[in-house]
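Nothing here was measured: the structure is a model prediction, and the numbers come from that model. Just the heavy atoms: all of them, side chains too, but no hydrogens, waters or symmetry mates, feed the values below. Counting from 1, the numbers follow the sequence of the chain as shown.
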Amino acid sequence: MELTGRRAIELLREDRAAVGPVILDPGGPEPRLYFLVPPGTAADWEEPGTVPLGQKCHVVVPPAGATEPPGLHWHVLPRGPRSLTRPGPLRKALGQARRERSGPAEASDS
């Protein structure tokens with residue numbers, strides 16, 4: 001999912017959509033990207049290959065200067081206190097990135 005998330009960031013930037021803070025956790029069996037989105041987004045989030053973290057969940061936030069591995073770090077730095085990624089454009093970018101990675105056979109099925 002990390003590669004899909006990285007491609008989604010590229011697509012958001014190509015569309016000139018705001019990309020809010022993104023945290024990269026390289027640990028575990030697969031690196032994970034955490035997109036920070038507005039509160040309430042998790043309630044109706046249903047994107048394949050993603051897990052929404054809503055109320056009663058938490059994400060450890062790296063220190064402001066942590067922008068490179070090793071360990072948890074900012075993949076996209078916060079631009080301000082309320083600079084979050086909007087869910088609509090993120091869904092669209094993740095869907096397109098997923099289709100690109102799955103290839104033409106699966107893309108035609110969707």
Side-chain angles (χ1 to χ4, degrees):
M1 187 59 194
E2 177 203 5
L3 294 176
T4 302
R6 287 178 185 262
R7 178 62 180 139
I9 292 168
E10 292 174 1
L11 292 166
L12 286 166
R13 288 180 172 155
E14 287 172 12
D15 285 346
R16 300 201 186 285
V19 179
V22 180
I23 299 168
L24 176 57
D25 182 359
E30 182 179 328
R32 295 181 184 269
L33 288 172
Y34 295 90
F35 288 82
L36 302 188
V37 295
T41 299
D44 65 348
W45 186 264
E46 294 183 19
E47 281 301 306
T50 67
V51 176
L53 302 177
Q55 291 182 355
K56 300 183 184 180
C57 293
H58 71 277
V59 173
V60 175
V61 177
T67 58
E68 296 181 12
L72 191 72
H73 62 278
W74 293 103
H75 185 66
V76 177
L77 284 165
R79 291 186 322 267
R82 302 243 187 253
S83 64
L84 302 172
T85 303
R86 291 182 24 237
L90 179 57
R91 278 188 178 105
K92 178 182 172 190
L94 286 169
Q96 181 175 340
R98 197 172 42 257
R99 286 188 299 278
E100 288 176 6
R101 290 191 47 79
S102 67
E106 289 184 37
S108 66
D109 292 340
S110 26

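- L33 is connected to V37 through a chain of hydrophobic side-chain contacts under 4.5 Å among Ile, Leu, Val, Met, Phe, Trp and Tyr, so both are in one cluster.
- A 4.5 Å side-chain heavy-atom check between D15 and K92 finds at least one atom pair inside the cut-off.
- Rounded to the nearest 0.5 angstrom, H75 NE2 and T67 OG1 are separated by 11.5 Å.
- Transitive grouping of hydrophobic side chains (ILVMFWY, heavy atoms separated by less than 4.5 Å) keeps L12 and L84 in distinct clusters.
- Contact record, T4 with A97: O-CB, 3.5 Å, taken as the closest heavy-atom pair.
- Linking Ile, Leu, Val, Met, Phe, Trp and Tyr whenever their side-chain heavy atoms come within less than 4.5 Å puts V51 and V60 in one cluster.
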Worked check of side chain to side chain contact (heavy atoms under 4.5 Å, CB included) between I9 and F35: CA-CA 10 Å; I9 292 168; F35 288 82; 3.6 Å; yes
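- Closest approach of R79 and A18 over heavy atoms only: NH2-CB, 3.9 Å.
- Atom CD of E68 has 12 or fewer neighbouring heavy atoms from other residues, nucleotides or ligands inside a 6.0 Å radius.
- Using a 4.5 Å cut-off between side-chain heavy atoms of Ile, Leu, Val, Met, Phe, Trp and Tyr, with links allowed through other members, V61 and V76 fall into different hydrophobic clusters.
- In plain terms, the two heavy atoms of S83 and P21 that are nearest each other are O-CD, 2.5 Å.
- Residue P89 comes nearest to A17 through the heavy atom pair CB-CB, 4.1 Å, listed as atom of the first residue, atom of the second, then distance.
- Side-chain heavy atoms closer than 4.5 Å link hydrophobic residues (I, L, V, M, F, W, Y) into clusters, and following such links, even through other members, never connects L3 to L94.
- Between L24 and E2, some side-chain heavy-atom pair lies under the 4.5 Å cut-off.
- The two residues S102 and R99 have their closest heavy-atom pair at OG-O, 3.1 Å.
- Side-chain contact between P70 and P26: absent, with no pair of heavy atoms (C-beta onward) separated by less than 4.5 Å.
- The shortest distance between side-chain heavy atoms of W45 and R91 falls below 4.5 Å.
- Side-chain contact check for V59 versus R32: every heavy-atom pair is 4.5 Å or farther apart.
- Judged by distance alone, the side chain of W74 and the main-chain N or O of P62 form a donor-acceptor pair under 3.5 Å.
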Residue pair E10, R6: steps toward the salt bridge (charged side-chain N to carboxylate O under 4.0 Å, His left out) verdict: CA-CA 7 Å; E10 292 174 1; R6 287 178 185 262; over 6 Å; no
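- Ion pair R7/E14 flagged as a salt bridge, since at least one NZ, NE, NH1 or NH2 atom sits closer than 4.0 Å to an Asp/Glu carboxylate oxygen.
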